[in-house]
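Heads up, the thing below is written out as structure tokens.
Along the sequence shown, residues carry numbers from 1.
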Amino acid sequence: MKKLYLIIGFLIFFSNLHAGAFDLDMTVDDDIRKNYDSSKLQKDMNVEEDLPTLPDISKYNQPEPVTQKQEVKVPQYNISTGSVKIPDGTSFNVVSSTKLNDWMSKGSSVKFYNRAPIVKKKFTIPANTVFYGEIIEVHQPQISCNGGLVVVRINSMNYKGQIVPIRGYVTRADDKMIFLNNIKGERTYLKTMWKKGNWGRNLFNKMMTMTISLGGEGSTVLLSPFPFAYGTICLGLNTLTSPITAFFSKGGHVSIPAGSRFRIKLLDDAFID
């Protein structure tokens with residue numbers, strides 16, 4: 001029992017100590033509030049004066065210069081869409097300004113012009129009007145004695161300073177008729193076959209001369225048939241093989257000098273002012 005009374009007494013004493021401390025703490029807070037004036041707060045340092053100066057970053061915020069792209073000026077032509085119609089099938093006699101040959105490449109440009117005015121019922125094309133064309137197909141001589149090839153398509157003309165679109169083709173080149181717009185080199189099969197047979201014919205003529213010479217002498221008359229027979233056999237063999245050997249030869253080139261006469265014909269209607 002004594003121990004119990006001691007413990008209860010100790011707890012009561014200890015609680016009184018904490019209550020006094022609490023009252024003391026509250027008293028101290030009240031004194032601070034009475035004596036402390038927050039309006040008189042002084043900064044320990046002048047921030048604006050004591051902080052280091054920040055670097056100037058305005059130069060880094062400049063907008064990037066805009067690079068102006070240089071425009072490539074493409075020459076513009078005044079395309080005529082006039083009301084005067086040049087009907088399809090109309091032909092023009094012109095002269096070439098450039099040399100045409102089968103060494104040219106596909107896509108190459110060619111030019112023609114008319115020496116004299118082209119006078120029709122409803123229109124007149126002045127002299128020296130330029131017609132523009134393009135090579136759309138080309139090849140050099142091929143085997144089987146096939147000649148070279150050049151195909152020209154007329155696509156425009158410069159009519160009084162206006163580029164007029166037209167579609168035309170060539171019907172005559174260098175005073176020769178052109179079929180299907182194909183300017184072809186000479187096909188030399190028959191000529192080559194004849195040349196290939198020259199060897200047999202020449203040998204036969206020699207053997208024939210020898211036969212006649214031997215037949216004129218009495219002692220060699222028995223030998224005279226042999227040269228003739230040899231020449232005949234060689235001539236026959238050469239004649240049989242010449243068509244085959246000629247097949248592997250090539251034809252002639254296309255080569256038309258500048259200033260040659262041409263005739264062009266329209267495929268479609270064209271319109272001018």
| said: Using only atom types and a distance under 3.5 Å, with no angle test, would you say the side chain of Ser108 pairs donor to acceptor with the backbone of Ile135? | reply: no

| request: Considering non-hydrogen atoms only, spot the tightest contact between Pro141 and Gly252 and give its length. | output: CG-O, 3.5 Å

| Are side-chain heavy atoms of Ile264 and Thr171 found at a separation under 4.5 Å? | no

| field | Side chain to side chain, Leu203 and Tyr230, heavy atoms closer than 4.5 Å | value | yes

| message | Has Asp269 got a side-chain atom pairing as donor or acceptor with Lys85's backbone, closer than 3.5 angstrom? | response | no

| field | Residues, nucleotides or ligands: over 12 heavy atoms within 6.0 Å of Met193 CE | value | yes

| message | Checking the side chain of Asn238 only, and the main-chain atoms of Gly200 only, is there a donor and an acceptor separated by less than 3.5 Å? | response | yes

| query | Which heavy atom in Leu235 sits nearest to a heavy atom in Thr239, and how many Å separate them? | reply | O-OG1, 2.7 Å

| Which heavy atom in Ser97 sits nearest to a heavy atom in Ala258, and how many Å separate them? | O-CB, 3.8 Å

| remark: In terms of heavy-atom contacts, Lys196 and Ser249 come closest through CE-OG, 3.8 Å

| said: Let me confirm one number: the OG-CD distance from Ser156 to Glu134, rounded to the nearest 0.5 Å. | reply: 10.0 Å

| Do you reckon Tyr159 sits in the same ILVMFWY cluster as Leu266, going by side-chain contacts under 4.5 Å, direct or chained? | yes

| Name of the residue among Ile86, Ile163, Asn114, Val94 meeting side chain to side chain contact (heavy atoms under 4.5 Å, CB included) with Met157 | Ile86

| task | Give the cluster check for Val95 versus Val130: same hydrophobic cluster or not, with ILVMFWY residues linked at side-chain heavy-atom distances below 4.5 Å. | result | no

| Short side-chain to backbone donor-acceptor contact, Thr241 and Leu237, under 3.5 Å | yes

| Do Lys206 and Pro227 have side chains that get closer than 4.5 Å, going by heavy atoms? | no

| request: Give, for atom CG of Asn155 and atom CD1 of Ile136, the distance between the pair rounded to the nearest 0.5 Å. | output: 10.0 Å

| field | Single-linkage hydrophobic cluster Val110~Val151, side-chain heavy atoms < 4.5 angstrom | value | no

| remark: Connected to Trp103, directly or through other members, by ILVMFWY side-chain contacts below 4.5 Å are none

| field | Val170 versus Phe262, closest heavy-atom pair with distance | value | CG1-CD2, 3.8 Å

| query | Can you hop from Met104 to Ile183 via hydrophobic side chains spaced under 4.5 Å? | reply | yes

| message | With a 3.5 Å distance limit and no angle check, can you tell me whether Asn182 reaches the backbone of Leu149 through a side-chain donor-acceptor pair? | response | no

| Electrostatic pair Glu186-Lys191, nearest N-O below 4.0 angstrom | yes

| Separation between OG of Ser255 and NZ of Lys99, rounded to the nearest 0.5 Å | 4.0 Å

| said: Starting from Phe112, can I reach Phe92 by hopping between I/L/V/M/F/W/Y residues whose side chains sit under 4.5 Å apart? | reply: yes

| query | Are any non-hydrogen side-chain atoms of Leu267 and Arg153 less than 4.5 angstrom apart? | reply | yes

| Is there side-chain contact between Val254 and Leu100, with at least one heavy-atom pair below 4.5 Å? | no

| query | Which residue, Lys184, His253, Gln140, His139, forms the side chain to side chain donor-acceptor pair (under 3.5 Å) with Asp102? | reply | His253

| query | Would a distance-only check, ignoring hydrogens and angles, find a side-chain to backbone donor-acceptor pair under 3.5 Å from Thr129 to Ile125? | reply | no

| task | Return yes when atom CZ of Arg261 has more than 12 non-hydrogen atoms of other residues, nucleotides or ligands closer than 6.0 Å, and no otherwise. | result | no

| Between the side chain of Thr232 and the main-chain N/O of Phe228, is any donor-acceptor distance below 3.5 Å? | yes

| task | Test side-chain contact (heavy atoms from CB on, under 4.5 Å) on Lys265 and Tyr169 and set out the steps. | result | CA-CA 6 Å; Lys265 188 174 183 179; Tyr169 61 99; 3.4 Å; yes

| field | Heavy-atom side-chain contact between Ser91 and Arg172 under 4.5 Å | value | no

| task | For side-chain contact (heavy atoms from CB on, under 4.5 Å), just list the numbers for Lys120 and Thr90, CA-CA rounded to whole Å, side-chain angles, deciding distance to a tenth of an Å, and then say yes or no. | result | CA-CA 10 Å; Lys120 300 293 181 180; Thr90 303; 4.0 Å; yes

| request: Would you indicate whether the side-chain heavy atoms of Ile272 and Phe123 approach each other to under 4.5 Å? | output: yes

| message | Using side-chain heavy atoms (C-beta onward) and a distance below 4.5 Å, is Tyr113 in contact with Ser96? | response | no

| Side-chain donor or acceptor of Tyr189 paired with backbone N/O of Pro243 under 3.5 Å | yes

| For Ala246, does its backbone N or O pair with a side-chain atom of Thr192 as donor and acceptor, under 3.5 Å? | no

| How far apart are the closest heavy atoms of Thr124 and Pro117, and which atoms are they? | CG2-CB, 4.5 Å

| said: Closer than 3.5 angstrom, by distance alone: can the side chain of Thr209 be matched with the main-chain N or O of Asn205 as a donor-acceptor pair? | reply: yes

| said: Just to verify, what does Asp174 make a side chain to side chain donor-acceptor pair (under 3.5 Å) with, not counting sequence neighbours? | reply: none

